[in-house]
Amino acid sequence: MIELTNLVQSLYKFLMKISIITVCFNSESTILSTIESVINQNYNNIEYIVVDGASNDNTLNIIDKFRDNISQFISEPDNGIYDAMNKGIYLATGEVIGILNSDDLFYDNNIISSIMDTFRNDQKIDAVYGNMMYFNSENPEKSVRFWKTVPFYGNFFEDGFIMPHPTLFLKKDIYKKIGTYYPNFKISSDYELMLRAFRIYNFQPQYLNKTLVKMRVGGESTKSIKNVLIGNIEIYKSWKMNNLSLPIFFYFKRFLFKINQFF
């Protein structure tokens, strides 16, 4: 009986399902490469969820060509990117959830296998994150900025660090316990959720020192000075709404950390 139980547990770990969520809106210029990045992964148990915000360009036609590879698909108006992410999370049935936006790519075809191996090797891990490369649309292979983060530790957030959100994979149980993304934020709801998960609820993330995702430059958080300001205001609000005091020199430390990504 003990051997049978161990066999069942080993089989369950081997067959762990991961849900990958892509949210998009009028993404005809990038959605194809994102979809191919997911369906070309060499991990077999992927639930792929695409949440579209009622696109009116050619996005839906591109998605339709891959409907056999997409587990769940919805296209309807939403209240922004985090509302769309939440819709995907509610649909997800995998033990692990990752979010790959419509202008991002997995670094190579082995990424999901590496992520799931990390979860399988240590059942105490609640989340996995890694490094991220930025590229210009013209050349996905050429890095223009590199986000190498660090292993998680007690003052991780206080020292200005954050996990690159596209590289963050959470067990679904985290969302069940702490809730999903705060939909009223426009830029930094991912920051608030990470602060809530790892600083307030003390879930344990594991750093995988590997480049997991390639992101196109010019995302919402950095495409204008206005958005940078909005993002920083929302980060400040994230600390306050979680009853935390923003550390002295916090923004200065964040600035130094970001500058280092260009060298």
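- For the pair Glu234 (side chain) and Ile187 (backbone), a donor-acceptor distance under 3.5 Å is present.
- A distance-only check finds no donor-acceptor pair linking the side chain of Ser37 to the backbone of Ser33 [under 3.5 Å].
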Original post:
Going through the distances and angles, do Leu195 and Ile200 end up as a side chain to side chain contact (heavy atoms under 4.5 Å, CB included)?
Top reply: CA-CA 7 Å; Leu195 193 67; Ile200 301 300; 5.6 Å; no
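- Although no hydrogens or angles enter the test, the distance criterion places a donor-acceptor pair under 3.5 Å between the side chain of Glu95 and the main chain of Lys17.
- Contacts of Ser55 classified as side chain to side chain donor-acceptor pair (under 3.5 Å), with partners at least two apart in sequence or in another chain: Asp52.
- Formation of a donor-acceptor pair under 3.5 Å by the Arg196 side chain with backbone atoms of Thr180 is found in this model.
- For the pair Lys186 (side chain) and Ile230 (backbone), a donor-acceptor distance under 3.5 Å is absent.
- Using modelled atom types, one side-chain atom of Ser188 and one backbone atom of Gly231 make a donor-acceptor pair closer than 3.5 Å.
- Under the ring pair (Phe, Tyr, Trp, His ring centres under 6.0 Å) criterion, Phe185 pairs with Tyr182, sequence neighbours left out.
- Using cut-offs of 30° and 60° on the angle between ring planes, the pair Trp147 and Tyr134 is parallel.
- Using a 4.0 Å cut-off between charged side-chain N and carboxylate O, Lys237 and Glu192 make no salt bridge.
- Here the two rings, on Tyr129 and Phe169, have centers that are 6.0 Å apart or farther.
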Subject >> Steps toward side chain to side chain contact (heavy atoms under 4.5 Å, CB included) verdict (Asn101, Met85) >> reply: CA-CA 9 Å; Asn101 290 328; Met85 288 179 184; 3.7 Å; yes
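- Within the 4.5 Å cutoff, the side chain of Ile115 has heavy atoms near those of the Leu208 side chain.
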Distance-only check: which donor-acceptor pairs under 3.5 Å involve side-chain atoms of residues 104-112, not counting sequence neighbours?
{"unit_1": "Asp108", "atom_1": "OD1", "unit_2": "Asn110", "atom_2": "N", "d": "2.8"}
{"unit_1": "Asp108", "atom_1": "OD1", "unit_2": "Ile111", "atom_2": "N", "d": "3.4"}
{"unit_1": "Asn110", "atom_1": "OD1", "unit_2": "Asn42", "atom_2": "ND2", "d": "2.5"}

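- Side-chain atoms of Thr167 never come within 3.5 Å of backbone atoms of Val213 as a donor-acceptor pair (strictly under, hydrogens ignored).
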Subject >> Verdict with reasoning, Tyr153 to Asp159, per side chain to side chain contact (heavy atoms under 4.5 Å, CB included) >> reply: CA-CA 10 Å; Tyr153 62 100; Asp159 286 341; 2.6 Å; yes
**OP:** Given side chain to side chain contact (heavy atoms under 4.5 Å, CB included), test Tyr48 with Thr22 step by step and report yes or no.
**Re:** CA-CA 8 Å; Tyr48 191 27; Thr22 292; 2.8 Å; yes
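- The number of heavy atoms from other shown groups lying within 6.0 Å of CG (Asn61) is above 12.
- Of the possible donor and acceptor atoms, one in the side chain of Glu47 sits under 3.5 Å from a partner among the backbone N and O of Thr93.
- Ring orientation note: the planes of Phe198 and Phe157 are close to parallel, at an angle under 30° on the 30°/60° scale.
- With contacts defined as side-chain heavy-atom distances shorter than 4.5 Å, the pair Lys176/Asp173 qualifies.
- To the nearest 0.5 Å, the span separating CZ on Arg199 from OG on Ser238 amounts to 13.5 Å.
- In this structure the side chain of Leu168 never reaches within 4.5 angstrom of the side chain of Asp190, judged on heavy atoms.
- No donor-acceptor pair under 3.5 Å is formed between the side chain of Gln123 and the backbone N or O of Asn121.
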**OP:** Applying side chain to side chain donor-acceptor pair (under 3.5 Å), run through Lys148 and Asn209 and close with a yes or a no.
**Re:** CA-CA 8 Å; Lys148 180 177 174 62; Asn209 189 9; 2.7 Å; yes
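- Looking only at distances, a side-chain donor or acceptor of Ser27 sits under 3.5 Å from a matching main-chain atom of Phe25.
- Residues Leu170 and Ile97 form no side-chain contact, since every pair of their non-hydrogen atoms from C-beta on lies 4.5 Å or further apart.
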